[in-house]
Novice: 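Sharing a structure, written as structure tokens. Questions coming.
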Amino acid sequence: MSPGPERHLIKKYANRKLYDTRTSKYVTLENLADLVRAGHDIRVVDRDSGGDITQVVLSQIVLTEEKRGPQRLVDAGADAIHERGSALLDYVRKTLNVPGDLVSEVEKRRSNLEGMVDEAIERTLQRLKLPTRRDLDRIDERINKLSAELKRSNGRASKAATAPRRRRAAR
């Protein structure tokens, strides 16, 4: 029978160094993220007070991963990062017992941020005198209206051409 995931006790020193008591080595936040991804349980305690600070450290890991997101997607491959990030986020949610209100608040803020980014991109395109998505949509709408109007006017013209012409009586 193979052994289950190892439990690592990490001590955080006043100088912000992290020490893994299982391996007797100093570790980084990235090392801890790798441990979590590998399925290991970690517990982080403040060396001086003995207080459990696992949630704080896991939050730092998540923030660090989020900051690195776009560059790491380029370096590694979106699927692998997404799977690892999802597993880490699930572990953090389970550990932190994140309430639904907080999750919805995070989603709302993410949506607001996406809106701000879209607006910033649109302003940049306008400054560069490039058409924005909204400009292209307006052009498409205008083309559709003109096409419909042209079809209607062609329909009237063709009906007039096929209708019998009446001659006026000579005066």
Side-chain angles (χ1 to χ4, degrees), residues 1-138 140-141:
M1 185 155 95
S2 64
E6 300 173 353
R7 181 168 180 94
H8 291 260
L9 176 63
I10 311 296
K11 292 184 178 181
K12 184 172 183 179
Y13 287 82
N15 62 3
R16 296 186 296 184
K17 285 192 174 184
L18 300 164
Y19 185 78
D20 186 348
T21 59
R22 176 173 281 283
T23 61
S24 301
K25 294 181 180 178
Y26 286 100
V27 293
T28 63
L29 288 177
E30 189 165 333
N31 297 136
L32 293 181
D34 291 338
L35 286 173
V36 170
R37 285 186 199 109
H40 298 281
D41 281 337
I42 64 168
R43 181 169 177 249
V44 184
V45 295
D46 183 89
R47 182 189 158 270
D48 297 330
S49 69
D52 187 351
I53 56 171
T54 305
Q55 294 178 351
V56 173
V57 172
L58 289 175
S59 297
Q60 287 175 328
I61 291 170
V62 169
L63 289 174
T64 302
E65 291 291 316
E66 289 296 319
K67 286 179 186 175
R68 294 180 185 168
Q71 183 59 39
R72 294 190 91 183
L73 286 176
V74 171
D75 293 343
D79 293 337
I81 295 297
H82 179 71
E83 289 173 15
R84 287 180 176 174
S86 295
L88 180 61
L89 193 55
D90 289 342
Y91 176 79
V92 171
R93 281 185 182 141
K94 180 179 72 174
T95 304
L96 297 177
N97 294 322
V98 177
D101 294 343
L102 182 59
V103 172
S104 64
E105 181 66 24
V106 168
E107 285 297 318
K108 184 169 62 171
R109 288 185 183 201
R110 183 188 59 79
S111 177
N112 290 344
L113 183 62
E114 285 177 355
M116 289 174 22
V117 169
D118 288 345
E119 289 173 10
I121 289 171
E122 192 165 322
R123 283 192 307 269
T124 302
L125 290 173
Q126 287 172 348
R127 274 189 234 128
L128 295 172
K129 305 276 190 232
L130 296 173
T132 65
R133 170 62 108 194
R134 187 175 297 142
D135 294 334
L136 295 176
D137 289 342
R138 280 192 225 130
D140 283 343
E141 186 178 322

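In this text the structure is predicted, and so the values were computed from the model without any measurement. Heads up: numbering here begins at 1 and tracks the sequence.
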Novice: In a check of side chain to side chain contact (heavy atoms under 4.5 Å, CB included) between K12 and each of D48, V56, V45, I53, which one passes?
Specialist: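 That would be I53.
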Novice: For R22 and R7, which heavy atoms make the closest approach, and how far apart are they?
Specialist: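 Nearest pair, atom of R22 first, then R7: NE-O, 3.1 Å.
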Novice: Between N31 (side chain only) and T28 (backbone N and O only), is there a donor and an acceptor less than 3.5 Å apart?
Specialist: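 Answer holds: yes.
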Novice: Please check if the side chain of T21 supplies one atom and the backbone of I10 the other of a donor-acceptor pair under 3.5 Å.
Specialist: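 Answer holds: no.
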Novice: Could you state the interatomic distance from CZ (R43) to NZ (K11), rounded to the nearest 0.5 Å?
Specialist: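 Interatomic distance, R43 CZ to K11 NZ, rounded to 0.5 Å: 10.5 Å.
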Novice: When the ring planes of Y13 and Y19 are compared, do they come out parallel, tilted or perpendicular, using 30° and 60° as the limits?
Specialist: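 Rings of Y13 and Y19: perpendicular, as their planes differ by over 60°.
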Novice: For a side chain to side chain contact (heavy atoms under 4.5 Å, CB included) with L32, tell me which candidate from D20, V57, L58 qualifies.
Specialist: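 That would be V57.
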Novice: If we check side chain to side chain contact (heavy atoms under 4.5 Å, CB included) with I42, which of these qualifies: L18, V27, V36?
Specialist: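 Filter result, single survivor: V36.
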